[in-house]
Amino acid sequence: MSREIVIEGRAEVGIPFWAQLKHITFWPALIGILAVLAATAADRQSFVAITTAINAAIIDNFSWLFLYSAVALLGLCLVVFFSPLGRVRIGGSDAEPIYSPFRWFAVSLTTVIAMGILFWAVAEPVVHFRQPPDFAGVVPGSDKAMRFAMATVFVHWTLAPYAIYTVAALTFALGFYNSGHSFSVGTLFRPLLGRHLRRPVAEGIDALVLFAVVVGMSAVLSAGLLLIGDGLKALFAIPASPAVYAATAGFIVGVALLSASSGLRGGIQVLARINTVLFVLLMLYLLVVGPSGFIARVGSESLVDYLTSFFSRQLVLDEPAGSRWSGWWTTAFYASWFAWAPLSCLFLGKIARGYTVRQFILVNLLLPSLFSILWFCAFGLSALYFDVESGGGMFAAYREHSLAAMAYALFSYLPGSYLLSLFFVFACFISFITATDSNTDAIGGLCMRSVDAGHLSSPFGVKFLWAAVIGVVGWCSATYLGSDGIKMLANLAGLPGVLIVLGAGVSLVLMVVCVSGGRSLNEG
């Protein structure tokens with residue numbers, strides 16, 4: 001039976017603010033973030049060296065876990081889609097959706113991709129094209145290297161990565177709405193552990209996830225600051241500086257907080273729709289004024305190459321022992337996806353009420369994957385075309401400047417490059433504001449005991465605190481670390497992240513068994 005949901009919740013009246021905090025979640029995460037800042041300030045080089053060594057050890061010993069887990073989760077999504085669980089409505093048979101289908105898709109899409117597709121859509125294909133691994137058996141700069149580059153991008157940005165989010169978010173949505181569990185990452189384990197999952201343990205898991213995602217968001221913000229900084233330099237000759245990064249971070253966090261204060265039906269869905277429209281307009285512009293015939297031909301060839309060699313590419317079966325290429329590319333990307341999934345699943349699950357499980361998989365897995373294919377073909381293949389035509393001009397922008405500068409190098413080859421760059425910078429702002437809005441909403445809810453199916457929002461003060469922390473860490477990273485140290489630390493969070501998402505996968509399997517056996521999720 002569905003329950004009446006009050007979307008705009010708030011802290012319980014009459015109960016002191018501190019009494020509503022999950023102290024086991026809140027304080028360890030906050031102290032851990034402050035400790036990271038202190039460590040980087042005290043000895044930046046040692047901090048980067050230590051995190052680099054730990055990250056290398058994870059790559060050497062656990063790359064297989066990330067690769068095989070992603071493929072297994074994709075297979076699980078396929079099983080769930082065709083199982084009796086696929087017909088179950090999130091929130092019960094009478095549940096009303098929070099969003100219309102398009103708004104739901106827009107919010108889900110922009111919550112997950114954040115700044116990633118803006119930063120990597122140009123940079124990654126060109127780097128793979130000019131520097132393919134030896135085991136790929138392709139000549140750098142050749143037609144085969146071009147198809148290898150695009151097929152590799154599809155591995156990193158389409159089906160398997162979105163399956164990671166889908167499994168975690170679907171497990172949470174069913175546990176939160178249909179089984180009545182709490183707004184906690186621990187809800188992912190309830191079907192698996194039941195009463196054995198005590199509240200302190202669940203809140204401890206929340207603390208680990210909170211720490212990992214706050215650092216991860218800060219790393220993405222630092223990348224966004226670098227991308228926007230290069231854009232401001234190209235457009236207005238404003239040199240990148242700590243003051244420019246601080247002003248940019250302050251603006252992003254401030255607007256995101258204004259949006260977050262309006263609740264789920266307010267600013268966030270408006271920003272998400274604007275963000276989605278901006279993405280579509282950018283993509284269509286490149287398809288119209290760019291090398292559209294080249295994009296269609298090479299894009300289709302690369303997609304066929306990716307699908308026909310799906311398992312060998314996903315699992316990097318051709319890589320010889322001792323090679324670290326997949327570790328520094330595929331595993332690193334998957335680690336980032338796994339690190340974000342445990343928190344993002346709370347928000348994605350929360351906004352899915354009123355839709356069936358099959359609709360959830362369609363909106364969170366299939367449609368975003370299709371969008372990513374089109375996006376990376378438009379941007380990535382345009383970049384590859386002009387790199388070849390200019391004799392390596394795009395790759396030279398990377399070698400002489402940075403990965404972030406490559407997007408603006410691409411625009412210089414297109415009509416209306418100044419306006420296009422201006423439009424792109426605006427898209428960067430909106431993209432991260434949308435992601436910050438949704439994730440601070442989930443972060444705030446994770447810290448509070450009062451967030452349940454009847455109260456979906458957390459106090460503004462909690463959102464403000466964590467948004468400010470994210471802004472400060474992101475600014476420090478962009479200014480002093482060049483994002484290397486914080487990004488490395490964010491990747492480390494992928495290891496506990498993959499364990500959490502795999503646990504969610506087992507819980508989802510138990511839900512499939514439960515519903516297939518004719519029982520309700522409450523009984524399971």
Side-chain angles (χ1 to χ4, degrees), residues 52-75 116 119-161 163-164 297-338 369 372-373 376-377 380-381 383-385 387-388 392 394-396 398-399 403 406 484 487-488 491-492 494-495 498:
T52 300
I54 298 174
N55 198 59
I58 291 176
I59 288 173
D60 290 340
N61 295 286
F62 295 103
S63 280
W64 64 271
L65 180 61
F66 291 100
L67 300 178
Y68 281 84
S69 295
V71 173
L73 293 170
L74 179 60
F119 189 87
W120 290 107
V122 175
E124 188 183 352
V126 174
V127 173
H128 293 325
F129 175 59
R130 292 295 178 180
Q131 295 179 332
D134 292 337
F135 67 83
V138 298
V139 177
S142 65
D143 289 344
K144 288 186 177 180
M146 193 173 291
R147 291 193 294 272
F148 167 81
M150 292 307 300
T152 300
V153 166
F154 296 153
V155 170
H156 297 161
W157 293 95
T158 61
L159 293 170
I164 296 170
R297 177 178 62 83
V298 180
S300 59
E301 291 174 354
S302 301
L303 182 59
V304 170
D305 189 7
Y306 163 64
L307 294 175
T308 54
S309 57
F310 179 82
F311 289 103
S312 63
R313 290 192 179 278
Q314 289 288 159
L315 304 176
V316 200
L317 297 178
D318 296 331
E319 186 174 29
S323 171
R324 279 189 171 180
W325 182 89
S326 66
W328 292 109
W329 281 104
T330 308
T331 299
F333 275 120
Y334 282 5
S336 179
W337 290 88
F338 275 113
S369 296
S372 290
I373 289 171
F376 276 89
C377 282
L381 286 172
L384 292 176
Y385 176 86
D387 186 67
V388 173
M394 292 297 302
F395 190 64
Y398 158 59
R399 299 296 293 269
L403 288 171
M406 296 177 73
D484 288 341
K487 283 182 180 180
M488 199 74 67
N491 285 340
L492 303 185
L495 187 57
V498 70

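Quantities reported herein were computed from a predicted structural model and do not represent experimental measurements.
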Test item: Ser312 side-chain N/O and Ser309 main-chain N/O as donor-acceptor pair under 3.5 Å: yes
Heavy-atom pair with the smallest gap, counting every atom of Val498 and Leu495: CG1-O, 3.0 Å
If a pair satisfies side-chain hydrogen bond (donor to acceptor under 3.5 Å, both in side chains) and one of its residues is in residues 121-139, list it, with sequence neighbours excluded. Glu124-His128, Glu124-His156, Glu124-Trp157, Arg130-Asp387
Who pairs with Tyr334 by ring-ring contact (aromatic ring centres under 6.0 Å, His included), at least two apart in sequence or on another chain? none
Atom CG in Leu307, atom OG in Ser302: separation rounded to 0.5 Å? 11.0 Å
State, with a plain yes or no, whether a side-chain heavy atom of Tyr385 is found less than 4.5 Å away from one of Met394. no
On a heavy-atom basis, the closest approach of Ser142 and Val139 is OG-O, 2.6 Å
Scanning both residues in full, the closest heavy-atom pair of Gly494 with Phe66 reads O-CE2, 3.3 Å
Please name all residues satisfying ring-ring contact (aromatic ring centres under 6.0 Å, His included) with Phe135, sequence neighbours left out, ordered by chain then number. Trp325
Around Phe310, counting heavy atoms of other residues, nucleotides and ligands shown, do more than 12 lie under 6.0 Å from its CZ? yes
Please tell me if the side chains of Val388 and Phe129 come closer than 4.5 Å, counting only heavy atoms from C-beta onward. yes
Side-chain heavy atoms of Phe338 within contact of Leu73, under 4.5 Å: yes
Any heavy-atom pair between the side chains of Tyr306 and Gln314 that's under 4.5 Å? yes
Quick one: CZ on Phe154 to OG on Ser372, what's the gap to the nearest 0.5 Å? 9.5 Å
Under the ring-ring contact (aromatic ring centres under 6.0 Å, His included) test, residues paired with Tyr398 that sit two or more places apart: Phe395
For residues 314-330, which residue pairs pass the salt bridge (charged side-chain N to carboxylate O under 4.0 Å, His left out) check, not counting sequence neighbours? Asp60-Arg324
Between Thr158 and Val155, is there a donor-acceptor pair closer than 3.5 Å when you use the side chain of the first and the backbone of the second? no
Check Gly327 against Ser63 and note the closest heavy-atom contact, atom names and distance. CA-OG, 3.9 Å
Show your reasoning for whether side-chain contact (heavy atoms from CB on, under 4.5 Å) applies to Trp64 and Ser326. CA-CA 10 Å; Trp64 64 271; Ser326 66; over 6 Å; no
Using side-chain heavy atoms (C-beta onward) and a distance below 4.5 Å, is Trp328 in contact with Asn55? yes
Ser300: side-chain hydrogen bond (donor to acceptor under 3.5 Å, both in side chains) partners, not counting sequence neighbours: none
Which atom pair, heavy atoms only, marks the closest approach of Ile373 to Leu303? CD1-CD1, 3.9 Å
Do Met150 and Asp305 have side chains that get closer than 4.5 Å, going by heavy atoms? no
With side chains defined as the heavy atoms from C-beta onward, is the minimum distance between Asp143 and Glu301 less than 4.5 Å? no
So do Trp329 and Thr152 actually touch side chain to side chain, heavy atoms under 4.5 Å? no
Between Leu384 and Pro125, the two heavy atoms sitting closest are CD2-O, 3.6 Å
